[in-house]
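Model, not experiment: these values are computed from the prediction. Per chain, numbering begins at 1; letters A, B, ... match sequence-line order.
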Amino acid sequence: MSSESSYQRIYRVVQRIPRGRVATYGQVAGLAGLPGHARQVGYALHATPDDLDLPWHRVINARGEISRRHDAEFENIQAQLLDAEGVEPGASGRIDLKRFQWQPRR
DNA sequence: TTTATGGCTGTCA
DNA sequence: ATGACAGCCATAA
């Protein structure tokens with residue numbers, strides 16, 4: 001396990017996210033053992049092989065919203081997936097992190 | 001090798 | 001609430 005890449009840790013954390021819950025990049029980074037590398041988490045997700053069922057759509061930014069990607073359609077897909085899991089944005093169009101943010105135990 | 005950018009975050013105005 | 005600044009480090013050129 002010591003030779004596992006940071007990506008592997010990130011993937012593992014993301015796969016750990018339960019359905020109907022979301023996590024922020026910084027949170028995933030911290031859980032993956034990479035505190036402060038929130039950005040890299042985003043890159044790791046972008047480089048995620050589709051071989052893994054990585055629920056990247058459950059990972060959002062600290063604002064509780066979907067980050068602006070180069071493809072606006074993907075943003076829509078992510079929003080739909082979250083909505084399908086019961087995660088709906090508030091009146092401001094943002095997800096209530098206080099309510100939907102994944103709270104891992106220990 | 002260096003430089004620039006980026007699916008971010010947190011703080012300050 | 002929004003906007004600007006700085007810091008972290010991997011990937012691309």
Side-chain angles (χ1 to χ4, degrees):
Chain A
M1 313 264 238
S2 38
S3 13
E4 283 194 302
S5 303
S6 313
Y7 280 36
Q8 298 298 304
R9 302 182 188 175
I10 293 170
Y11 298 149
R12 191 126 345 152
V13 173
V14 175
Q15 287 189 335
R16 234 169 90 180
I17 301 175
R19 182 168 166 281
R21 226 74 183 204
V22 295
T24 65
Y25 290 102
Q27 183 182 358
V28 173
L31 291 169
L34 305 167
H37 298 185
R39 254 176 169 168
Q40 264 15 18
V41 174
Y43 280 100
L45 293 176
H46 187 241
T48 299
D50 19 331
D51 297 42
L52 307 173
D53 266 325
L54 198 59
W56 59 275
H57 56 262
R58 288 187 191 145
V59 184
I60 59 180
N61 60 14
R63 292 174 191 161
E65 253 296 347
I66 302 171
S67 303
R68 297 283 284 198
R69 323 174 54 78
H70 52 287
D71 284 325
E73 296 195 30
F74 267 54
E75 298 181 33
N76 188 23
I77 292 172
Q78 184 168 11
Q80 289 188 49
L81 287 168
L82 292 175
D83 177 70
E85 296 189 350
V87 180
E88 299 185 35
S92 298
R94 296 195 200 158
I95 298 171
D96 192 348
L97 289 177
K98 299 183 177 81
R99 215 173 87 162
F100 294 108
Q101 184 168 57
W102 175 42
Q103 296 170 16
R105 31 195 98 174
R106 280 184 306 158

Side chains of A:Leu31 and A:Trp102 in contact at under 4.5 Å (non-hydrogen atoms): yes
For the base of B:dG6, is there a side-chain donor-acceptor partner from A:Tyr43 under 3.5 Å away? yes
Which residue lies more 5' along DNA chain C, comparing A:Arg94 with A:His37 via nearest heavy atoms: A:Arg94
Sub-4.5 Å side-chain heavy-atom contact between A:Val14 and A:Leu52: no
Tell me the interatomic distance from A:Tyr11, atom OH, to B:dG7, atom C1', rounded to whole angstroms. 13 Å
Between the protein and nucleotides 9-13 of chain B, are there any N/O to N/O pairs under 3.5 Å, and if so, what are the atom names and distances?
| unit_1 | atom_1 | unit_2 | atom_2 | d |
| --- | --- | --- | --- | --- |
| B:dT9 | OP1 | A:Ala62 | N | 2.8 |
| B:dT9 | OP2 | A:Ala62 | N | 2.7 |

Whole Å only: how far is the CG atom of A:Leu34 from the P atom of B:dC8? 16 Å
Look at the side-chain heavy atoms of Ile, Leu, Val, Met, Phe, Trp and Tyr, link any pair under 4.5 Å apart, and say whether A:Tyr7 and A:Val13 land in one connected group. yes
With the side chain counted from C-beta on, respond yes when A:Leu34 and A:Val41 share a heavy-atom pair under 4.5 Å apart, and no when they do not. no
Could you tell me the Watson-Crick or G-U partner of B:dG7, where both distances fall under 3.5 Å? Say none if there is no partner. none
When A:Glu85 is tested against each of A:Arg58, A:Arg19, A:Arg21 for side-chain hydrogen bond (donor to acceptor under 3.5 Å, both in side chains), which residue passes? A:Arg58
Please give, in whole Å, the distance from B:dC8 P to A:Trp56 CH2? 13 Å
Gap between atoms CD1 and C1', on A:Ile10 and C:dC9 respectively (whole Å): 11 Å
Any non-hydrogen side-chain atom of A:Ile60 less than 4.5 Å from a side-chain atom of A:Leu97? yes
NE2 of A:His46 versus C1' of B:dC8: gap in Å, rounded? 15 Å
